[in-house]
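What follows is a short report on a single structure.
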Amino acid sequence: MNAMPSDLARAARELSEAVTQPIAGSTKIHVTGSRPDLRVPMREIAQAPTPTLFGGETNPSIVVYDTSGPYTDPDHAVDLARGLPAVRSGWITERGDVERLDGLSSSFGRARADDARLDPIRFAAPRMPLRAKAGFNVTQMHYARRGIVTPEMEYIAIRENQRLDALVDSALRAQHPGESFGASIPGRITAEFVRDEVARGRAIIPANINHPEVEPMIIGRNFLTKVNANIGNSAVSSGIAEEVEKLVWAIRWGGDTVMDLSTGKHIHETREWIIRNAPVPIGTVPIYQALEKVGGVAEDLTWEIFRDTLIEQAEQGVDYFTIHAGVLLRFVPLTAKRVTGIVSRGGSIMAKWCLAHHRENFLYTHFEDICEIMKAYDVSFSLGDGLRPGCIADANDAAQFGELDTLGELTKLAWKHDVQTMIEGPGHVPMHLIKENMDRQLAMCDEAPFYTLGPLTTDIAPGYDHITSAIGAAMIGWFGTAMLCYVTPKEHLGLPNRQDVRDGIIAYKIAAHAADLAKGHPGAQVRDNALSKARFEFRWDDQFNLGLDPDKAREYHDETMPKDAHKSAHFCSMCGPKFCSMKITQDVRDYAAGMEASAGMEEKALEFRAQGSEVYTKA
Ligand code: IRN
Ligand code: FE2
């Protein structure tokens with residue numbers, strides 16, 4: 001079903017309360033940088049004091065990375081028809097290298113803007129797009145390579161550091177008394193470090209000059225591991241109102257970027273609503289819309305139609321484009337004997353075009369023309385893995401690695417134009433073949449960020465592919481993948497609904513955080529330590545609030561112990577009061593403390609055993 005004007009009207013006024021309430025137990029805070037318009041949002045989780053039985057000390061608030069945008073800020077009034085505040089606009093225009101167009105330059109965009117029937121609700125302030133002035137390059141990579149630290153870079157440094165706050169500092173100071181750390185605390189991220197990583201091509205800041213609403217973030221393996229959530233309708237399902245709400249929902253649970261994979265009618269309008277209301281970078285696969293324009297007939301695609309689509313989307317503010325430029329004509333026959341052939345949508349479109357014309361992929365032959373568009377708006381490349389394996393049997397084959405090598409070659413071309421670039425990766429890969437993917441990507445693509453879809457580590461669990469893939473995602477994230485593209489439980493079965501989106505994101509937040517811990521990301525463990533301490537001290541509310549999904553934790557706990565008094569009970573219904581290992585540990589500690597003071601170890605041990613405590617082993 002396509003969205004009717006009434007859906008839009010409803011979406012403009014209403015987002016359901018479920019997506020706009022502050023996250024349970026959290027307060028939105030802002031940290032101001034070197035200028036007053038640089039305010040970095042974070043989420044602060046307050047903790048209760050330790051019960052007197054365990055020592056009675058106060059516990060510090062924990063500050064965590066916040067992707068949820070102004071929606072969870074009680075001071076922000078949601079008005080979807082007006083869009084989000086344009087936090088970056090001053091930074092973009094003060095650089096003096098952009099000009100405002102007086103119309104949409106793509107033919108499709110022009111037709112759309114003129115057609116009021118297709119645009120039932122206009123934004124309060126119609127916005128004309130920006131473009132680089134002739135001869136200028138407006139990418140963050142270009143600035144970085146000229147030694148410029150942009151406000152976006154400073155914003156990111158503050159944002160990435162939040163878990164390295166006072167807690168880590170004081171822990172370090174306690175470990176190394178008398179030493180002065182200052183800004184050189186190991187692992188502390190500085191704006192200069194951000195600049196250097198972007199200049200080197202090891203990280204990207206997806207931030208189109210036409211997406212001033214974005215809260216800048218970075219994708220690179222020396223930063224926190226990020227998660228992308230895909231949303232988007234297809235011809236048979238989902239309206240615009242639902243898509244905007246899915247976006248807000250996805251970032252609430254921790255989606256760092258969102259890809260709009262809409263196909264079907266109203267594709268331009270859907271995207272406009274999403275971008276104007278998105279505080280996170282938005283990615284698309286432009287070949288999907290180009291294919292719509294030629295009625296779904298891949299052979300009819302042309303470079304001109306594709307180019308027009310790129311410009312249309314760049315002017316709307318899309319932050320990164322998946323471009324399947326590595327699907328070369330000579331690689332297509334290599335997929336013939338695969339069990340599942342080509343599973344990438346974009347990859348299969350380009351393979352069909354190449355075979356039908358017996359010509360080289362026009363995305364490859366026009367790659368530098370594409371770079372010229374990218375650098376006029378600062379759109380980042382996400383070089384598509386059109387030949388990724390679609391099953392365990394096809395993993396790491398010649399087609400996949402041939403494409404990866406080509407993506408390495410294209411990375412260098414993009415960098416020649418100072419265009420920011422990341423590389424997409426698989427797919428379905430068994431655990432023992434995952435490392436080879438990472439090693440090869442780093443070598444061939446000169447350490448450009450890797451962005452993988454899972455990978456799924458087995459094919460036998462339809463309905464649970466958020467789990468089969470989160471296992472692979474955790475591994476490849478540990479090895480160095482910078483962003484993980486989520487997979488929902490509906491993968492291979494149908495379009496995800498809201499609950500599937502939430503389950504997929506949480507599975508991937510787990511994978512990303514597990515990777516950050518394993519990589520030794522400074523500060524990553526602060527939250528684990530705080531949660532574990534809360535758990536051990538039976539501070540139930542703190543345990544819920546410090547978790548990735550406080551609502552679910554609370555709901556599960558309340559199923560069996562719903563009373564308020566239970567929130568301070570020194571056990572839960574899993575083991576009951578007698579068999580709680582944590583309670584017993586505390587008894588052991590108290591006992592040991594008492595024992596130190598008295599003599600007769602053996603005698604005391606006997607006494608302890610006589611109490612008949614049983615210890616359950618739990619995860
Ligand atoms: C990520 C890594 N490899 C693929 N992806 C994502 O898969 C890509 O960014 C896009 O969101 C989605 C579908 O891409 P295909 O099927 O057109 O390649
Ligand atoms: Fe698959």
Side-chain angles (χ1 to χ4, degrees), residues 204 206 219 226-232 234 250 255-263 281-291 298 318-327 335 338-353 363 380-395 399-400 403-404 407 421-430 437-438 441 445 448-466 468-469 472-473 476-477 481-496 501 504 508:
I204 67 166
I219 302 169
K226 303 303 189 298
V227 170
N228 170 69
N230 288 337
I231 59 172
S234 69
D256 292 285
T257 72
V258 167
M259 289 197 75
D260 173 21
L261 302 186
S262 296
T263 56
I282 297 296
T284 62
V285 189
I287 201 79
Y288 297 174
Q289 189 184 3
L291 186 70
V318 175
D319 301 287
Y320 64 94
F321 287 154
T322 293
I323 307 253
H324 298 88
V327 180
T335 63
R338 279 179 162 185
V339 173
T340 55
I342 299 176
V343 295
S344 153
R345 279 205 279 185
S348 61
I349 295 165
M350 292 322 298
K352 197 169 174 203
W353 188 91
L363 302 173
S380 299
F381 273 118
S382 184
L383 295 178
D385 57 338
L387 300 179
R388 67 175 171 269
C391 65
I392 292 299
D394 295 343
Q400 186 200 333
E403 180 186 45
L404 181 59
L407 299 184
T421 303
M422 64 178 167
I423 311 294
E424 296 191 359
H428 291 239
V429 183
N437 276 272
M438 190 70 229
Q441 189 274 341
C445 304
F450 206 20
Y451 161 42
T452 61
L453 183 59
L456 288 75
T457 51
T458 169
D459 301 341
I460 65 165
Y464 295 89
D465 280 328
H466 58 318
T468 62
S469 65
I476 208 159
T481 288
M483 183 156 80
L484 307 170
C485 183
Y486 87 160
V487 170
T488 76
K490 286 278 167 64
E491 182 72 15
H492 304 118
L493 304 173
L495 269 187
V501 167
Y508 273 69

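Treat the numbers as computed from the prediction; the structure is a model and nothing was measured. Counting convention: from 1, in listed order, for ligands and their atoms alike.
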Inset, instruction - Mind listing the closest non-hydrogen atom pair of Leu387 and Glu403 along with its distance? - result: N-OE1, 3.0 Å
Inset, instruction - Give a yes-or-no answer on whether the side chains of Thr257 and Asn228 include a donor-acceptor pair shorter than 3.5 Å. - result: yes
Legend entry - Nearest-0.5 Å distance, CD1 of residue Ile219 to CE of residue Met483: 3.5 Å
Legend entry - N, O or S atom of Cys391 closer to the Fe ion (ligand 2) than 2.8 Å: no
Inset, instruction - Hey, could you give me the CD1/OG1 distance between Ile423 and Thr481, rounded to the nearest 0.5 Å? - result: 11.5 Å
Inset, instruction - Of all N, O or S atoms in His492, identify the one at the shortest distance from the Fe ion (ligand 2). - result: NE2
Legend entry - side-chain contact (heavy atoms from CB on, under 4.5 Å) against Thr458, all qualifying residues, sequence neighbours excluded: Ile460, Thr468
Inset, instruction - Would you mind telling me which of Ile204, Val318, Thr421 makes a side-chain contact (heavy atoms from CB on, under 4.5 Å) with Ser380? - result: Ile204
Inset, instruction - Assign the ring pair Tyr508 / Tyr486 to parallel, tilted or perpendicular, where the plane angle (0 to 90°) is split at 30° and 60°. - result: perpendicular
Inset, instruction - Quick one, list the residues around ligand 1 where some non-hydrogen atom comes in under 4.0 Å, by chain and residue number. - result: Asn230, Met259, Leu261, Tyr288, Thr322, His324, Ser344, Arg345, Gly346, Asp385, Arg388, Glu424, Gly425, Tyr451, Thr452, Leu453, Cys485
